[in-house]
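Within every chain, numbering begins at 1; the chains are lettered A, B, ... in the order of the sequence lines, protein sequences first and strands thereafter. Side-chain atoms are counted along with the backbone in the values below, which use heavy atoms only and exclude waters and symmetry mates.
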Amino acid sequence: MARKATATKARAKSNAPEFTKDQELHAFREMLLIRRFEEKAGQMYGMGLIGGFCHLYIGQEAVVTGITMASKKGEDAQITGYRDHGHMLVMDLDPDAVMAELTGRQGGLSKGKGGSMHMFSTEHRFYGGNGIVGAQVPLGTGLAFAAKYRGEDTVSLTYFGDGAANQGQVYESFNMAKLWSLPVVYIIENNKYAMGTSLERAAATTDLSQRGLSFGIPGEQVDGMDVRMVFEAAQRAIEHARSGKGPYILEMLTYRYRGHSMSDPAKYRSKDEVTTMRTERDPIEQVRKRIVELGYASEDELKEIEKDVRAIVTKAADFATRDPEPDASELWTDVLVEQ
Amino acid sequence: MPDILMPALSPTMEEGTLAKWLVKEGDKVGPGDVIAEIETDKATMEVEAVDEGTIGKLLVAEGTEGVKVNAPIAQLLVEGEEASSPAPAQEDAPKESEQPGPDAAIDAASQPTVSSKSDAAPAAPQFTPASDPDIPEGAEMVTISVREALRDAMAEEMRADKDVFVMGEEVAEYQGAYKVTQGLLQEFGPERVVDTPITEHGFAGLGIGAAFAGLKPIVEFMTWNFGMQAMDQIINSAAKQLYMSGGQVSAPMVFRGPNGAAARVGAQHSQDFSAWYSHVPGLIVIAPYTAADAKGLLKAAIRSKNPVVFLENEILYGSTGEVPEMDDFVLPIGKARIAREGRDVTIVSFSIGMRYATQATEKLVAAGVDVELIDLRTLRPMDVGTIVESVKKTGRLVTVEEGWPQGGIGAEIAAQMMEHAFDYLDAPVTRVTGKDVPMPYAANLEKMALPSVDEVIAAVNAVTYRS
């Protein structure tokens, strides 16, 4: 194992690859859909239409967008933790059904029985939506095991946060993934805070891309606020896994603007920190700026995209508000597969 | 002109203080702009604008306490509202629902739950187990060990379905820590008989992920004592998956290995998990006693589309029994076996508990007590109907298990009899269980901690008022 390969560092910002016009516009639209959807979810939570826990993806949009753009959507499996709404939208799951699951209605992706943290689509190869921090990592490794067992050339894209990176089962998974050369890309969405505990207060070593070092798993840190950087690194990582070279770790340096969940007082970080990230590093504004500067679209054309996205979100919210709650008979269904 | 409403910080919040306005009337705002701060006794939260527009009237003054959730706090003038906009009516309609007024929100969110009609849970579906298959006339009975029966079951199912594979510690090269997987590596190769590192939490989760993707893993725990490391994955990821996904994603797989006390291995290696797993909806839990049941039920478990916890017993691995020589001997999950019919008293047990129960039955029958002996075989779903029918006949019931008494299988059966057979009982249901202590090491203490044949006989004597 070449030591060099395991210690690739984040590339300088100036190395950002160029996106084509189509890529820029696609990324803009995808990220904007997540942003507007999550804002709406936050609003509906505030109105009591969404209950329990609701973890918003606002600020982290570039990560799942860039990864998915570099993957074979619908063939490569994706699995993540509880901050999962963005993943589903980018993977083309129906926004109406996602929002209706948030409101616990019969038309929700899980018939209203899963909630914000538990949505799945075998058709789109999205495996959740997992509420126990770190538990998705062995599961995602198992998806890769199944791909290898069957001789399929699909990759498992397994996301987890900086908090989960301290769970023991993550390292059990790393070990098996490398031992058996499983086609899995571990994407660590490092948004700097595990609930209210900063990475520095929780981790003995904070460069999470190097957490696979003792297993010989290559890893790199990536500017997770720049969708181009995410895309470029993801292409490299996915190709590595797909070609049979085993697992790869991408640490995405990202940031969530909102609290850990809706009921987070956010006393653990300064307002300046949040404001700085929002004004200087926002993943959507970066793309918007490039689009305008490069003349890929006019402000009016961008407004049209905004309008389209808003219409999708409005329709989803409308459906999720009007759709009835599940029938009482659903209480007893789906406990076991009827033989 | 949509209203901006007082948001809730959590589903339990009913009111809060509007601490501060960060905008004034006439300010232009866009999505994500912070417009106010609200406070409760627990937290402070920023209110963000969702729509683009101009702040109209501020309806609630800064510093106002006790503002109810969903009360309008400001008006928002949406762009183009006054202009003779070409916006079609279609756009207006959803806009309205985008910010439903307080009434709409209350209607949608709370009405179904305040209606008493929808509060009552519908009755649980009844479980009806299938009967054992008929053994064809002239089928040869072969005597094999439980260990061989389990191995044969796996081998037959692996031959029949290439999605079935077995993984665990020492299952391949070592031929199984207890030799249950003997010969499988040679027949099926290392791709399907997978030695894992010592990493129960990890490989249980990995197996579940593989099952999500459609494979049918058999995950062996060297013993269920080590399987406790994997309990989160078994319960949270496997058992709950089908329900949480509204029926979309299942985990068709088997977790198996020896359960309960072995001999002189101390507290951490001598634990019975029967009651623990049988508590969990979404799991099937099987604990066979005989070689035939071990084979027929393991085959059924591997074919099940559900996650199955299959509890074996190390002491029983070497015991032998007759197994019918058939192409495909599969037993129904959820069906108890009446090991002996009788009229005086019912003894119910499972797994190694059946050994105490069987020996006690022999002695009791010799003494003139007509015992009906039931082997549960499956713990979840439990064949309560068979026990009830037996108690209707005998009026007396003794349960036998190695597990602890509180919340045990016997405790569950006793509760079931209170609900379903109360009028038929002529004596209190009596439990024979492992003692309520961690397993001691010393030979004499260990023997005392486990149930005994004498305790079963004493319990039967008590419920038949013979003592």
>> Tell me which of these, Ala135(A), Gly114(A), Ser173(A), has more heavy-atom pairs under 4.5 Å with chain B than the rest.
In response: Ala135(A)

> For chain B, which of Asp323(A), Thr103(A), Ile132(A) has the most heavy-atom pairs under 4.5 Å?
Replying inline: Ile132(A)

>> Which atoms of Lys162(B) are under 4.5 Å from chain A, going by heavy atoms: the side chain, the backbone, both sets, or neither?
In response: backbone

> Looking at Val137(A), Asn130(A), Leu336(A), which has the largest count of heavy-atom pairs under 4.5 Å with chain B?
Replying inline: Leu336(A)

>> Just verifying a value: how many Å separate Lys111(A) NZ and Gln248(B) CD, rounded to the nearest 0.5 Å?
In response: 9.5 Å

> Just checking, any donor-acceptor pair under 3.5 angstrom between side chains of His201(B) and Glu172(A)?
Replying inline: no

>> Under a 4.5 Å cutoff for heavy-atom pairs, which residue among Val170(A), Ile58(A), Thr141(A) has the most contacts with chain B?
In response: Thr141(A)

> Is it the backbone or the side chain of Glu330(A) that comes under 4.5 Å from a heavy atom of chain B, or both, or neither?
Replying inline: backbone

> With no hydrogens and no angle check, is any side-chain donor or acceptor of Tyr45(A) less than 3.5 Å from a backbone partner on Pro7(B)?
Replying inline: no

>> If the test is side-chain contact (heavy atoms from CB on, under 4.5 Å), which one of Leu182(A), Leu139(A), Leu143(A) qualifies with Leu206(B)?
In response: Leu182(A)

> Hey, which of Lys271(A), Met117(A), Gln136(A), Glu338(A) has the most heavy atom pairs under 4.5 Å with chain B?
Replying inline: Lys271(A)

>> What's the separation between atom CD1 in Ile79(A) and atom CZ in Phe212(B), rounded to the nearest 0.5 Å?
In response: 6.5 Å

> Side chain, backbone, both or neither: which part of Ile198(B) has a non-hydrogen atom closer than 4.5 Å to chain A?
Replying inline: neither

>> Heavy-atom cut-off 4.5 Å, strictly under: side chain, backbone, both or neither for Lys148(A) against chain B?
In response: neither

>> Which heavy atom of Trp332(A) sits nearest to which heavy atom of Ala123(B), and what is that distance?
In response: NE1-O, 3.3 Å

> By a 4.5 Å heavy-atom criterion (distance strictly below it), what part of Glu200(B) contacts chain A: side chain, backbone, both, or neither?
Replying inline: backbone

>> Quick check for you: among Ser304(B), Gly247(B), Gly282(B), Ser245(B), which has the greatest number of heavy-atom pairs under 4.5 Å with chain A?
In response: Ser245(B)

> With only heavy atoms counted, which part of Glu37(B) is less than 4.5 Å from chain A, the side chain, the backbone, both or neither?
Replying inline: side chain

>> Tell me the closest heavy-atom pair linking Gly46(A) and Asn70(B), and the distance in Å.
In response: O-OD1, 4.3 Å

> With a 6.0 Å cut-off on ring centres, are Phe203(B) and Phe145(A) close enough?
Replying inline: no

>> To the nearest 0.5 Å, what is the distance between CE on Met244(B) and CD on Glu101(A)?
In response: 11.0 Å

>> Is any side-chain heavy atom of Leu5(B) closer than 4.5 Å to one of Gln43(A)?
In response: no

>> I need the residue from Val249(B), Ile208(B), Asp232(B), Val69(B) with the largest number of non-hydrogen atom pairs under 4.5 Å to chain A.
In response: Asp232(B)

> Which region of Thr333(A), side chain (C-beta onward) or backbone (N, CA, C, O), has a non-hydrogen atom less than 4.5 Å from a non-hydrogen atom of chain B, or is it both or neither?
Replying inline: backbone

>> Is Met176(A) close to chain B through its backbone or its side chain, or both, or neither, when contacts mean heavy atoms under 4.5 Å?
In response: side chain

>> Heavy-atom cut-off 4.5 Å, strictly under: side chain, backbone, both or neither for Tyr149(A) against chain B?
In response: side chain

> If you count heavy-atom pairs under 4.5 Å with chain A, which of Met6(B), Gln233(B), Glu191(B), Arg303(B) comes out on top?
Replying inline: Gln233(B)

>> Out of Leu109(A), Asp334(A), Val335(A), return the one with the most heavy atom pairs under 4.5 angstrom to chain B.
In response: Asp334(A)

> Does any heavy atom of chain B fall under 4.5 Å from the side chain of Arg278(A), the backbone, both, or neither of them?
Replying inline: side chain

> Which of the residues Asn236(B), Asp163(B), Thr196(B) is involved in the greatest number of heavy-atom pairs with chain A at under 4.5 angstrom?
Replying inline: Asp163(B)

